[in-house]
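Right, one structure below, let's go through it.
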Amino acid sequence: MTMTPIALAAPASAPAPSDALQRGASGFPSPADDYREAPLNLHHHLVRRPASTFFMRLEGDDHRHAGLHHGDLLVIDRAISPRPGHWLVAAIDGELSVLRLERRQSRLYLAPSRHGLATLPFEASDDRLWGVICYAIHALPATDEESAMPPCSR
Amino acid sequence: MFALIDCNNFYAACERLFEPRLEGVPLGVLSNNDGCVIARSEEFKALDIPMGIPTHKIAPHLRRCIVLKSSNYTLYGDLSARVQQVLAQQVPTLEPYSIDECFLDLRGMHEDWQALGATLVDSVQRQVGLPVSIGIAPTRTLAKLANRQAKTQPARPQVCVWPSADAPELAAHLARLSPREVWGVGERLNARLAGMGIVTAAALRETPDSVLRRRFSVVLARTAAELNGRACLSMGDLETPRRSILCSRSFGQPLRDRASLAGALRHHCQRAGEKLRRDAMQASAIGVYMRTNPHHAGSFHQACEWAALPFPSADTQQLNRAAQRLLARLWQPAAYQKLGVMLTELTPRRQSQTTLFDGAEPARQEALMHAWDSIRARYGRQALTLGPQPVDAPWQMNSAYRSACYTTRWDELPRARAR
């Protein structure tokens, strides 16, 4: 016979276990049924607006100092309005690129991390903006994720 | 009021979203099996390469300055669903009309229509990244014309509002417009109208209802009424047979279980297949749309997905097999009120490209479908119906220049470069 653990802290408003008991596989009613909740869904946590959320892979290690590594999974929500300090995906030189939005002397710039690249002035309604990155998911060496990515070219 | 919202050069725009280097480049999208050009960017149109041209007939000097892409319905379908989701958050009722167009039923809303249109266009552009245009008018027929007018505007957002049927700019527009341009008026109907001296849309809407009913049909009389601002056509009444076919129906009772929905879907596939064969057309892609009742309390659910057919087909069994696979992906435990099947990229049947996978099958399928249609015609529609279909092994098709499925496969995600 299987036992189902009983939830310990029952809120006062919860129905008494005797209400509408359901039979478990053993034929016994499971007292935990009344407290069952949906399991945590990481996707729903990270993707608040499915219509405007896209995933990308980060290529290159230039932003490593900011905790953005080659191969990280980027979660981009196009519905977010960009603000200074945000990390953006922008179309630069025909390429989807990751840069940080910065404010300097009350003007906005797209700031690269790589040496030798110029900062680019940025307008509020800039055509080059693709979306704001809201999460970067980084795999640690213990996961299989790392090996699936080609080694960093830089 | 109704609105028609339409994605500008939809397939090309989808390709460009994840490949910004294609911006400004003449871009063409190819049919299944890369046979011919089915969609063009503005730059491609400017080169005077016609729609439908077989890929191998494009002149070599042009070939060097254009980019061709295989059609990627997985990507287009996902982006199409996103556009609908963004719109559905802002308006009560939305009816997809094809993969890149949908009607919004704005009845009961009282808005600054110009502002609403601009908001809708901006939200799709910002949240999904696709340019759209919108036409808003008292009837679906007028909304479709208004949308066409919006597309000619150079300034963004492309919004055209005709608040009433007697708006002076609308009257002027209809006086210049051939009846052929009106939703549901085909080539033959247009010729017959011309024979009676009806050569503009304005003349069509001034023709008395009784004349149109007597000499043509109730549907044309309704079209004229729609041009006069009286909404009397539903989505099912009119389709543009050359581009897409739509079979949808609301259920008397909400349907919850998958088996009943699968049955309804088989029914729609039968009808869609019959329509295709009646018009001697075949389809390249199929979409399934389903929704719960938007006016009921509780959570509203709607979903729409598209899939490419292995090769252009008018075979009911093929259509149904693809549709059932889509249903399996879409279905959630909800009380569905409406289910529809859409077919798109229709081509005349004789232009069929044979593929390695066809083998001797087309002739047999053709004969089977012919027998099918004649049995149903002679003994009634219930005499022969489509039973459950086994799901076949996935097929492979020729798409040499297909872009990645950027939004639906983990191993095909777009790459963003750190700078």
Side-chain angles (χ1 to χ4, degrees), chain A residues 49-66 68-74 76-81 87-100 110-114 116-120 125 127-131 133 136 145 148-150 152-154, chain B residues 13-25 27 67 75 78-90 94 118-120 122-132 156-157 301-305 332-333 403-419:
Chain A
R49 285 175 286 258
S52 59
T53 301
F54 295 84
F55 299 131
M56 290 188 189
R57 284 274 175 211
L58 180 63
E59 193 137 283
D61 255 336
D62 297 281
H63 300 314
R64 186 179 273 272
H65 62 91
L68 294 172
H69 295 68
H70 174 72
D72 284 359
L73 176 66
L74 307 177
I76 296 138
D77 187 352
R78 294 184 58 111
I80 298 174
S81 301
W87 287 89
L88 309 184
V89 172
I92 311 282
D93 299 336
E95 191 177 55
L96 296 172
S97 310
V98 175
L99 302 97
R100 205 171 108 102
L110 290 174
S113 299
R114 204 187 309 164
L117 290 185
T119 52
L120 305 162
S125 61
D127 280 348
R128 296 170 299 178
L129 173 68
W130 203 95
I133 304 173
E145 197 85 350
M149 281 298 294
C152 180
S153 53
R154 223 172 297 278
Chain B
C14 291
E15 296 290 344
R16 282 174 171 168
L17 182 59
F18 296 100
E19 269 191 89
R21 68 176 182 90
L22 297 177
E23 210 60 59
V25 173
L27 176 63
V67 172
L75 177 66
D78 179 73
L79 292 173
S80 164
R82 287 169 185 260
V83 170
Q84 283 174 27
Q85 278 177 44
V86 168
L87 296 171
Q89 286 157 10
Q90 300 171 75
L94 170 153
T119 307
L120 293 174
D122 284 341
S123 62
V124 174
Q125 170 71 56
R126 211 164 71 90
Q127 297 189 40
V128 190
L130 297 174
V132 295
R156 285 170 199 278
H301 174 240
Q302 67 171 2
C304 178
E305 281 213 38
Q332 287 183 14
S403 48
C405 294
Y406 296 111
T407 53
T408 48
R409 295 186 195 165
W410 286 115
D411 53 353
E412 297 188 12
L413 293 183
R415 308 259 161 163
R417 177 163 289 282
R419 278 188 174 248

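Here the structure is a predicted model, which means the values were calculated and not measured. Chain A is the first sequence line, chain B the second, and so forth, proteins listed ahead of strands; every chain is numbered from 1.
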Q: Taking the side chain as every heavy atom from C-beta outward, state whether A:Met56 and B:Arg415 have any atom pair closer than 4.5 Å.
A: no
Q) Quick one: of A:Ala90, A:Gly94, A:Pro50, who has the most non-hydrogen atom pairs under 4.5 Å with chain B? A) A:Gly94
Q. Do B:Gln90 and B:Ser123 have a side chain donor and acceptor closer than 3.5 Å?
A. yes
Q | Under 4.5 Å from any heavy atom of chain B - which part of A:Trp87 | A | neither
Q.
Check whether B:Gln127 reaches the backbone of A:Ser52 with its side chain - one donor and one acceptor, N or O, closer than 3.5 Å.
A. no
Q. With chain B, which of A:Ala79, A:Ala91, A:Gly131, A:Ala111 has the greatest number of heavy-atom pairs at distances under 4.5 Å?
A. A:Ala79
(Q) Counting heavy-atom pairs closer than 4.5 Å to chain A, which one of B:Leu79, B:Asp411, B:Leu17, B:Asp78 comes out on top? (A) B:Leu17
Q) Is a side-chain N or O of A:Arg114 found less than 3.5 angstrom from the main chain of B:Ala418, in a donor-acceptor match? A) yes
Q | Check: A:Thr53 main-chain N/O paired with B:Arg82 side-chain donor or acceptor under 3.5 Å | A | yes
Q.
Below 4.5 Å, heavy-atom pairs only: which of A:Leu74, A:Leu68, A:Ile92 has the largest tally toward chain B?
A. A:Ile92
Q. How long is the gap from CG on A:Asp72 to CZ on A:Arg64, to the nearest 0.5 Å?
A. 9.0 Å
Q) Is there a donor-acceptor contact under 3.5 Å from the side chain of A:His63 to the main chain of A:Val98? A) yes
Q. Under a 4.5 Å heavy-atom cut-off, does chain B meet the side chain of A:Ile80, its backbone, both or neither?
A. backbone
(Q) Using a 4.5 angstrom heavy-atom cutoff, name the option from A:Leu117, A:Ile76, A:Val89, A:Asp77 with the most pairs to chain B. (A) A:Leu117
Q. Measuring heavy-atom distances to chain B, does A:Ser125 have an atom under 4.5 Å in its side chain, in its backbone, in both, or in neither?
A. neither
Q: Against chain A, work out which of B:Thr407, B:Leu22, B:Val128 has the most heavy-atom pairs shorter than 4.5 Å and name it.
A: B:Val128
